[in-house]
Amino acid sequence: MNRNDKQAYDRGTSLFSPDGRIYQVEYAREAVKRGAPVVGVRTGDGVVLAVRRSTASSLMEPTSIEKLHKLDVHLGAASAGHVADARKLVDFARQTAQRERLRYGEPMGVEALTKAITDDIQESTQYGGTRPYGASLLIAGYENGRGQLFATDPSGTPQEWKAVAIGGHREDIQGLLEEEYTDDLSLGDGISIAVRALRSSDEELTSEEISVATISEDGYHSVEGETVAEAFGDAAEE
């Protein structure tokens, strides 16, 4: 394939190249990789979501950076990649969850919501005049007495995980999760592993840059800064 041919497929958001690739989807994945890392850990008591909030300036208010999102009482999400794209996906997820609750009088399932989101993502790779979302989400929830954790991809593919990292330094963080994950983790253990995984990506990271949320039988809750700092301190000692 010469350069001109490659550029033709490069510009097409819904065209396969001769080797079966959609270049715009691959570029969207690169946008996710350039984002701050996000970690999800499923435990026996629920799911832990942990994110790094990166500020462009010391004058920026860290609380204005939203990477953890409450979707419903029992549903939460964490985002990595292009912030504006992630915000649109989160808005879509919230509207879908509330619409299903109003229609059927019961909360929407975690897997059902994830597939609705990825169906919307996939459409942007199939029709002209759009571009793929340059963001990925971790969707977490508590359903039927157990936690569930899913990840979305810019291609529109959903995957269920026990523990997963998206965003920058994914390979290093995922390696630590694979080494330390066990099926008998408590919610507190999940917080410790998630914080330790994020800390492994950058030695200069501080506890103030980490936000954590849990989704359990009690619903979606933000973890207090003191608990995060304690987990961060334990990670530093190891």
Side-chain angles (χ1 to χ4, degrees), residues 9-17 19-40 42 47 49-52 65-72 74-101 103 107-141 143 147-171 173-174 213 215 220:
Y9 293 108
D10 196 344
R11 299 189 189 98
T13 60
S14 58
L15 292 176
F16 285 103
S17 69
D19 56 350
R21 299 161 64 186
I22 300 179
Y23 288 109
Q24 290 297 320
V25 170
E26 296 183 12
Y27 299 153
R29 290 193 182 112
E30 288 298 319
V32 175
K33 291 180 181 179
R34 291 175 180 271
V38 174
V39 174
R42 190 180 76 190
V47 182
L49 295 176
V51 302
R52 175 178 180 177
I65 302 174
E66 293 186 88
K67 292 177 67 64
L68 288 172
H69 315 272
K70 182 178 180 180
L71 305 181
D72 201 347
H74 69 300
L75 292 167
S79 58
H82 199 277
V83 177
D85 286 8
R87 188 177 68 246
K88 292 293 291 184
L89 290 176
V90 168
D91 287 345
F92 175 85
R94 286 171 172 163
Q95 292 170 10
T96 301
Q98 292 303 311
R99 184 167 56 246
E100 292 297 299
R101 181 183 283 273
R103 179 179 297 169
M108 190 173 188
V110 186
E111 183 175 5
L113 177 60
T114 302
K115 289 185 176 180
I117 297 170
T118 51
D119 284 347
D120 181 63
I121 294 173
Q122 191 276 335
E123 287 185 4
S124 67
T125 70
Q126 189 173 357
Y127 300 104
T130 63
R131 64 163 175 78
Y133 288 94
S136 290
L137 299 180
L138 295 185
I139 310 295
E143 182 181 6
Q148 289 184 281
L149 174 65
F150 288 85
T152 72
D153 179 78
S155 67
T157 304
Q159 296 175 328
E160 185 172 9
W161 293 83
K162 296 179 180 179
V164 65
I166 58 176
H169 304 284
R170 181 189 185 279
E171 291 77 10
I173 297 174
Q174 192 67 32
I215 303 92
Y220 178 100

For this session: Applying salt bridge (Lys or Arg N to Asp or Glu O under 4.0 Å), name anything that partners Arg29, two or more places apart in sequence or on another chain.
Result: Asp153

Exercise. Heavy atoms, side chains only, cut-off 4.5 Å: are Glu66 and Arg87 in contact?
Worked result: no

Exercise. For Met108, does its backbone N or O pair with a side-chain atom of Glu100 as donor and acceptor, under 3.5 Å?
Worked result: no

Exercise. Once you round to the nearest 0.5 Å, how far does CG of Asp72 lie from OG1 of Thr96?
Worked result: 11.5 Å

For this session: Check Gly40 against Leu49 and note the closest heavy-atom contact, atom names and distance.
Result: CA-CD2, 4.1 Å

Exercise. Hey, what do you get for CG (Leu113) to CG (Leu137), rounding to the nearest 0.5 Å?
Worked result: 9.5 Å

Problem set entry | Residue from Val38, Val32, Asp85, Leu89 passing side-chain contact (heavy atoms from CB on, under 4.5 Å) with Ser136 | Val32

For this session: List the steps and the verdict of side-chain contact (heavy atoms from CB on, under 4.5 Å) for Leu75 and Ile215.
Result: CA-CA 7 Å; Leu75 292 167; Ile215 303 92; over 6 Å; no

Acceptor/donor pairs from residues 156-170 side chains to any protein atom, 3.5 angstrom cut, sequence neighbours excluded:
unit_1: Thr157; atom_1: OG1; unit_2: Ser155; atom_2: OG; d: 3.0
unit_1: Arg170; atom_1: NE; unit_2: Ala165; atom_2: O; d: 2.8

Exercise. Stepwise, does the side-chain contact (heavy atoms from CB on, under 4.5 Å) test hold for Ile22 with Phe16?
Worked result: CA-CA 5 Å; Ile22 300 179; Phe16 285 103; 3.7 Å; yes

For this session: Examine distances only and state if a side-chain atom of Lys67 and a backbone atom of Ala78 form a donor-acceptor pair shorter than 3.5 Å.
Result: no

Seminar exercise, completed: In short, Ala140 meets Val47 closest at the heavy-atom pair CB-CG1, 3.5 Å

Exercise. Which pair of heavy atoms, one from Ala151 and one from Leu138, lies closest together, and at what distance?
Worked result: CB-CD2, 3.6 Å

Exercise. Taking only residues two or more places apart in sequence, or in another chain, which ones meet Arg34 in a salt bridge (Lys or Arg N to Asp or Glu O under 4.0 Å)?
Worked result: none

Exercise. Considering all heavy atoms of both residues, which atom of Ala28 and which atom of Pro154 are nearest to each other, and what is their separation?
Worked result: CB-CB, 3.7 Å

Seminar exercise, completed: Scanning both residues in full, the closest heavy-atom pair of Ile117 with Phe92 reads CA-CE2, 3.8 Å

Exercise. NE2/His74 to CZ/Arg101 distance, rounded to the nearest 0.5 angstrom?
Worked result: 6.5 Å

Exercise. Between Arg94 and Lys70, what is the shortest heavy-atom contact and its length?
Worked result: NE-O, 3.0 Å

Exercise. Between Glu143 and Glu111, is a side-chain contact (heavy atoms from CB on, under 4.5 Å) present by the stated rule, with each step listed?
Worked result: CA-CA 10 Å; Glu143 182 181 6; Glu111 183 175 5; 5.8 Å; no

Exercise. With side chains defined as the heavy atoms from C-beta onward, is the minimum distance between Tyr220 and Leu68 less than 4.5 Å?
Worked result: yes

